[in-house]
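Model, not experiment: these values are computed from the prediction.
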2 protein chains.
Amino acid sequence: MAKKVVPEAERRRRRPTRQGQVLSEALIVETALRMLHEHGSAGLTARRLGAALGTDPSTVYRYFAGLDGLTRAIGEELMGRALDTWRATGEWRADLRALGLAIHASYLAHPQAAVLTASRVTGRPREIEVDETILGILRGAGFPDVDAVAVYHAFIDLALAFAALDAGALALKDEARERDERMWNSTYARLPAATHPHIAATARLLAERMNRSAYPTVLETLLDGAAERLVGAGRLGG
Amino acid sequence: MAKKVVPEAERRRRRPTRQGQVLSEALIVETALRMLHEHGSAGLTARRLGAALGTDPSTVYRYFAGLDGLTRAIGEELMGRALDTWRATGEWRADLRALGLAIHASYLAHPQAAVLTASRVTGRPREIEVDETILGILRGAGFPDVDAVAVYHAFIDLALAFAALDAGALALKDEARERDERMWNSTYARLPAATHPHIAATARLLAERMNRSAYPTVLETLLDGAAERLVGAGRLGG
DNA sequence: GGCTTAATGTCTACGGCGTTGGCATAAGGG
DNA sequence: CCCTTATGCCAACGCCGTAGACATTAAGCC
């Protein structure tokens, strides 16, 4: 832990860096995102961040409790961006679908960052806002609380899990360019039918499909399941 | 990259370490897994591994192309273990369910290792074997190739994505003990109903549910969806 | 059994990392 | 205008992954 981290809200003095840069949490997060894009998911280092900000590396520790704290703030930022692009329509299925895709897309827009953050629960405001929103959609649609919580749990974990998985693939593609991308066209497509009949038989279909995300399909399946739960509950409840 | 990595199969000379240890890929992977358990997911370092093996750290590079190569071998090992605990029954739904749960369980048995490997596609033998198995189950059950591939894609990505997500939570719990675990009982349970009515209304249900994995539920939903796809295809095809 | 050769383990070193503690300084309140 | 202290800067610590040169010894051959 650094000496003491002053929360952004209580910050008064804004002493500029030797190079004239005035720091803030937002600026640091933004710069970190850019560095992740430029140098890959392992490229976020205090020293490089300092250089990019025109600052001594250790200054970052006045704003975040270590790089780990910065990482959590980045996750919070991505979640916030998802929420900002989303609009409610009142139709629960459409709203959930759009929100799920927005979260997924927001993380995939910064795959190198997503790799670091998507599987972490931060408990920060924007993340809580997303949770509240999802529960609101479900309870508003008439799901009994037990079902609303069950669907919420599946929904949010699905979104985050696929965000992390797909971001991993995408980040790898950017970093170790194409090595992985061609796996399905090279390694898998060349397996002999004698030892791997099923892969051999479907190689073309696999190559077509495996470079896309399974998330939209799985999400739709989940929504189907939820819809059935809803009519079931309706029958019982009223 | 190290100087040159000799594949395990072509290894002849087995010169023991100064401390009498005879090395092998298997021994190194096993030791790495133990170290991950003992020191957490960031605790796998060449130096520590060397110490645990009674070896100079750089020796590891004779067996793996860097720690990254070792990491991939660990992933392969976990996937192999999942396959080894699984038995086919001939009933596609039961077989898929069991295989999915086996993969998930195998990774969660070593959460710190799973965090490092679950979102990486290795293209190594046991991983390919799993893929072949899944496709075999689906095609054997009568799924047309297009559907088999679609369900396969959703199935394997779902298993890996949740393995990574849940392992992340579990590894965190072991390392930063309970800080995260109590999130749902502390942070979330204390949100005022005025600002977060839906979370407040369901706080008790959330606390109960959020510390378990959503994977079994989601997997079941996916299998439901697949079953409907199958009867649909049956109607069209025959 | 002795010789050769190259596989394997060991040593040393490089550049980079996160993080801390002490210090200088200038912003803002009075 | 002075005081306080938040804030930025500096130097240093103990890690890290990994490469290159070197030492040793097992295996293959006669």
Rounded distance in Å - CZ (A/Arg15) to C1' (D/dT4): 14 Å

For atom CZ of A/Phe64 and atom P of C/dG18, their distance in whole Å: 15 Å

Pair A/Arg126 + A/Glu129, salt bridge at N-O below 4.0 Å: yes

Separation of C/dT19 C1' from A/Leu70 CG (nearest whole Å): 14 Å

Sugar-phosphate only, base, or nothing, as touched by B/Thr55 at under 4.0 Å among non-hydrogen atoms: sugar-phosphate

A/Tyr63 side-chain N/O to D/dT7 phosphate OP1/OP2 under 4.0 Å: no

Rounded interatomic separation in angstrom, taking CZ from A/Arg62 and C1' from D/dT7: 6 Å

Verdict with supporting geometry, A/Arg34 and A/Glu30, salt bridge (Lys or Arg N to Asp or Glu O under 4.0 Å): CA-CA 6 Å; A/Arg34 206 175 58 238; A/Glu30 192 185 314; 5.1 Å; no

For B/Thr71, side chain to side chain contact (heavy atoms under 4.5 Å, CB included) partners two or more places apart: B/Leu116, B/Thr117

Sub-4.0 Å heavy-atom contacts from residues 44-54 of chain A onto DNA chain C, ordered by number: A/Leu44, A/Thr45, A/Ala46, A/Arg47

For atom OH of A/Tyr61 and atom P of C/dG21, their distance in whole Å: 13 Å

Distance, rounded to the nearest Å, where B/Leu67 contributes CG and D/dC15 contributes C1': 14 Å

Presence of B/Thr59 side-chain N/O under 4.0 Å of C/dT10 phosphate oxygens OP1/OP2: yes

Lys/Arg-Asp/Glu bridge criterion (N-O < 4.0 Å) met for A/Asp56, A/Arg47: no

Nucleotide C/dA27, atom C1' - distance to CG of A/Leu23 in whole Å: 15 Å

B/Glu208/B/Arg204 salt bridge by N-O under 4.0 Å criterion: yes

Polar contact flag, side-chain donor to acceptor under 3.5 angstrom, A/Asp131-A/Tyr152: yes

